[in-house]
Amino acid sequence: MAAPSAAPQRIVVENAAIATVDAHDTEYATGHLVVAGNKIESLGAGRAPEGLENVVRRIDATGHLITPGLVNTHHHFYQWITRGLATDHNLFNWLVALYPTWARIDESMVRTAAQGSLAMMARGGVTTAMDHHYVYPQGSGDLSGAIIGAAADMGVRFTLARGSMDRSEKDGGLPPDFAVETTEGALTATEETVRKYHDASFDAMTQVAVAPCSPFSISTELLREGAALGRRLGVRMHTHGSETVEEEKFCHELFGMGPTDYFESTGFLGEDVWMAHCVHMNDSDIAAFARTKTGVAHCPSSNARLAAGIARVPDMLKAGVPVGLGVDGTASNESGELHTELRNALLINRLGAHREAALNARQALRLGTYGGAQVLGRADSIGSLEPGKLADFVLWKIDGLGHSSIADPVTAIVFGAAAPVTASFVNGRQIVENNRLLTADEDAIARDARSEAQRLARIAAQG
């Protein structure tokens with residue numbers, strides 16, 4: 001007879017407001033959350049049940065709101081060491097200005113940049129991050145391994161969207177010739193990365209997606225074969241789409257159709273695909289995304305920083321398109337934080353056609369939690385607080401100066417200043433306490449990031 005398994009250790013959190021972001025938007029003005037191992041065992045109004053065994057920790061969360069951990073759906077970690085450059089450019093001019101510098105990154109730079117990007121997000125309530133890394137200069141080292149290692153060390157749940165580019169300047173693209181891979185090389189390297197690192201299990205900490213970069217930096221063959229590869233391997237696919245009017249013009253001139261029709265012609269729409277930005281979408285485009293259940297990573301701050309425009313998020317949600325939030329790379333969103341995107345998504349969308357009816361506080365919170373989980377294909381395990389789901393959650397302090405006079409807790413964290421994170425848990429493990437990381441030395445990361453940024457600037461200046 002097999003020996004009985006040991007009872008899981010329990011953490012009990014009590015006396016907090018709770019926004020579950022479940023299908024019914026269930027909330028508790030004062031409630032409890034019980035974690036057993038790496039999963040949520042129970043939650044509800046009032047105090048936790050009496051008689052719970054093996055309780056190793058009790059947290060009095062008076063003055064706090066508990067939400068699911070934030071889920072970031074689009075980022076470029078390496079850009080942490082090129083922040084504050086080309087600050088008055090649109091997307092195409094910004095890319096032209098920065099690609100020559102980005103093309104000189106190496107493994108040490110990428111590891112340090114990943115640490116900086118992850119640290120900034122994690123201390124602000126992100127429990128699941130992703131990185132769309134697509135710059136693989138020849139001889140630059142194991143960039144994918146460096147990024148995945150940084151996320152594992154930080155203790156953050158992570159998806160690497162293994163990007164690629166094969167259309168350089170000589171082929172009419174934007175990247176320098178030495179910064180791109182061959183089509184075959186990109187596909188081979190992507191498959192190797194999936195096979196080495198992707199974990200399909202329920203509580204996976206690391207997953208990998210197939211992610212050719214964008215229509216103006218990849219060939220049609222790479223896009224089409226990337227979609228086929230992703231489906232053969234059973235992983236998700238990601239790319240940039242419909243970000244600017246210049247991209248729309250580029251696609252019509254080169255392919256004779258707009259971005260959405262082009263993606264569909266190559267097999268790059270579907271419930272296993274999510275697209276970054278999607279700013280310039282007409283009714284037909286939105287209908288195609290809804291019909292195919294293609295997801296969207298909405299990046300409001302980056303869209304504003306690069307003057308790309310206002311994405312039609314209310315129309316996408318009404319049509320049934322899965323939408324999550326993204327920081328985007330920190331060379332176009334220097335703050336590097338996702339919790340500020342809750343507020344920016346709400347405010348920027350109210351400048352659009354729907355005005356004050358565009359989004360409300362709870363819709364914004366849903367974009368940053370459950371919507372992100374949908375987009376990453378993990379809504380069964382994260383994104384809402386429900387028994388059986390993974391214990392990824394955040395305690396936001398809302399009784400301090402910035403929030404104490406706002407009666408509604410969700411309104412406080414969305415409309416108010418960025419709320420302090422008293423505690424953040426991933427997989428049942430605490431990684432943040434009182435706005436400081438428990439899993440990394442923030443000061444050391446800051447010093448290393450400055451050093452690597454200066455080294456990259458010197459190398460780029462030498463040509």
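The structure displayed is predicted, hence computed values, not measured ones. Any value given below was found using the heavy atoms of this structure, including those in side chains, with hydrogens, waters and symmetry copies removed.
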[X] side chain to [Y] main-chain N or O, any donor-acceptor pair under 3.5 Å?
X      : Y      : answer
Ser140 : Tyr136 : no
Trp274 : Thr73  : yes
Glu225 : Leu222 : no
Ser384 : Asp22  : no
Arg362 : Val410 : no
Glu334 : Arg83  : no
His132 : His75  : no
Glu191 : Leu187 : no
Gln430 : Val432 : yes
Asp261 : Met257 : no

Salt bridge (charged side-chain N to carboxylate O under 4.0 Å, His left out) with Asp392: of Arg429, Arg157, Arg378, only one passes, and it is Arg157

Who passes side-chain contact (heavy atoms from CB on, under 4.5 Å) against [X], sequence neighbours left out?
X      : value
Phe178 : Ala103, Arg104, Pro176
Ser301 : Asn333, Glu341, Asn344
Glu271 : Lys293
Thr190 : Arg162, Val210, Leu229

Can you find a pair of side-chain heavy atoms, one from [X] and one from [Y], that are under 4.5 Å apart?
X      : Y      : answer
Phe263 : Leu223 : yes
Leu437 : Met154 : yes
Tyr99  : Met165 : yes
Arg236 : Gln207 : no
Val71  : Leu376 : yes
Ile413 : Thr67  : yes
Pro215 : Leu254 : no
Ser242 : Met275 : no

Nearest 0.5 Å, what's the [atom1]-[atom2] distance between [X] and [Y]?
X      : Y      : atom1 : atom2 : result
Leu456 : Thr112 : CG    : OG1   : 11.5 Å
Ile431 : Thr439 : CD1   : OG1   : 5.5 Å
Thr340 : Leu342 : OG1   : CG    : 8.0 Å
Leu70  : Thr128 : CG    : OG1   : 9.5 Å
Asn90  : Trp94  : CG    : CH2   : 11.0 Å
Cys299 : Leu338 : SG    : CG    : 9.0 Å

Angle between ring planes, Tyr262 versus Phe255, binned at 30° and 60°: parallel, tilted or perpendicular? parallel

Would you call the rings of His238 and His240 parallel, tilted or perpendicular if under 30° counts as parallel and over 60° as perpendicular? tilted

Residues in ring-ring contact (aromatic ring centres under 6.0 Å, His included) contact with [X], at least two apart in sequence or another chain:
X      : answer
Phe216 : Phe92
Phe268 : none
Phe158 : Phe77
Phe415 : none

Please determine whether a side-chain nitrogen of the Lys or Arg among [X] and [Y] lies less than 4.0 Å from a carboxylate oxygen of the Asp or Glu.
X      : Y      : value
Arg111 : Asp153 : no
Glu386 : Lys389 : yes
Arg167 : Glu221 : no

Test log, rule salt bridge (Lys or Arg N to Asp or Glu O under 4.0 Å), inputs Glu452 and Arg455: CA-CA 5 Å; Glu452 292 289 21; Arg455 184 167 72 90; 2.8 Å; yes

Kindly state whether the ring of Phe250 and the ring of His252 have centres lying under 6.0 angstrom apart. no

Give a yes or no on this: more than 12 heavy atoms of other residues, nucleotides or ligands lie within 6.0 Å of atom [atom1] of [X].
X      : atom1 : answer
Glu184 : CD    : no
Arg232 : CZ    : yes
Lys397 : NZ    : yes

Only distances under 3.5 Å count here; give the side-chain donor-acceptor pairs of residues 313-332 to other protein atoms, sequence neighbours excluded, each with its distance to 0.1 Å.
{"unit_1": "Asp315", "atom_1": "OD1", "unit_2": "His354", "atom_2": "NE2", "d": "2.7"}
{"unit_1": "Asp315", "atom_1": "OD2", "unit_2": "Arg312", "atom_2": "NE", "d": "2.9"}
{"unit_1": "Asp315", "atom_1": "OD2", "unit_2": "Arg312", "atom_2": "NH2", "d": "3.2"}
{"unit_1": "Asp328", "atom_1": "OD1", "unit_2": "His74", "atom_2": "NE2", "d": "3.2"}
{"unit_1": "Asp328", "atom_1": "OD1", "unit_2": "His76", "atom_2": "NE2", "d": "3.3"}
{"unit_1": "Asp328", "atom_1": "OD2", "unit_2": "His277", "atom_2": "NE2", "d": "3.4"}
{"unit_1": "Asp328", "atom_1": "OD2", "unit_2": "Ser302", "atom_2": "OG", "d": "2.6"}
{"unit_1": "Asp328", "atom_1": "OD2", "unit_2": "Ser332", "atom_2": "OG", "d": "3.4"}
{"unit_1": "Thr330", "atom_1": "OG1", "unit_2": "Gln79", "atom_2": "O", "d": "3.3"}
{"unit_1": "Thr330", "atom_1": "OG1", "unit_2": "Trp80", "atom_2": "N", "d": "3.1"}
{"unit_1": "Ser332", "atom_1": "OG", "unit_2": "Ser302", "atom_2": "OG", "d": "2.8"}
{"unit_1": "Ser332", "atom_1": "OG", "unit_2": "Gly329", "atom_2": "O", "d": "3.2"}

I'd like to check the salt bridge (charged side-chain N to carboxylate O under 4.0 Å, His left out) partners of Arg436; sequence neighbours left out, ordered by chain and number. Glu442, Asp443

According to side-chain hydrogen bond (donor to acceptor under 3.5 Å, both in side chains), does anything in residues 208-219 pair up with another residue at least two apart or in another chain? List the pairs. Asp166-Ser219, Ser214-Ser217

Going by side-chain hydrogen bond (donor to acceptor under 3.5 Å, both in side chains), name the residues that satisfy it together with Ser451, two or more places apart in sequence or in a different chain. none

Assess the side chains of Asp199 and Ser201: does a donor N or O sit below 3.5 Å from an acceptor N or O? yes

Go through it in stages, so that I can follow the logic: the residues are Arg343 and Glu337, the test is salt bridge (Lys or Arg N to Asp or Glu O under 4.0 Å), and I'd like the CA-CA distance, side-chain angles, deciding distance and then a yes or no. CA-CA 11 Å; Arg343 185 172 192 264; Glu337 299 175 303; over 6 Å; no

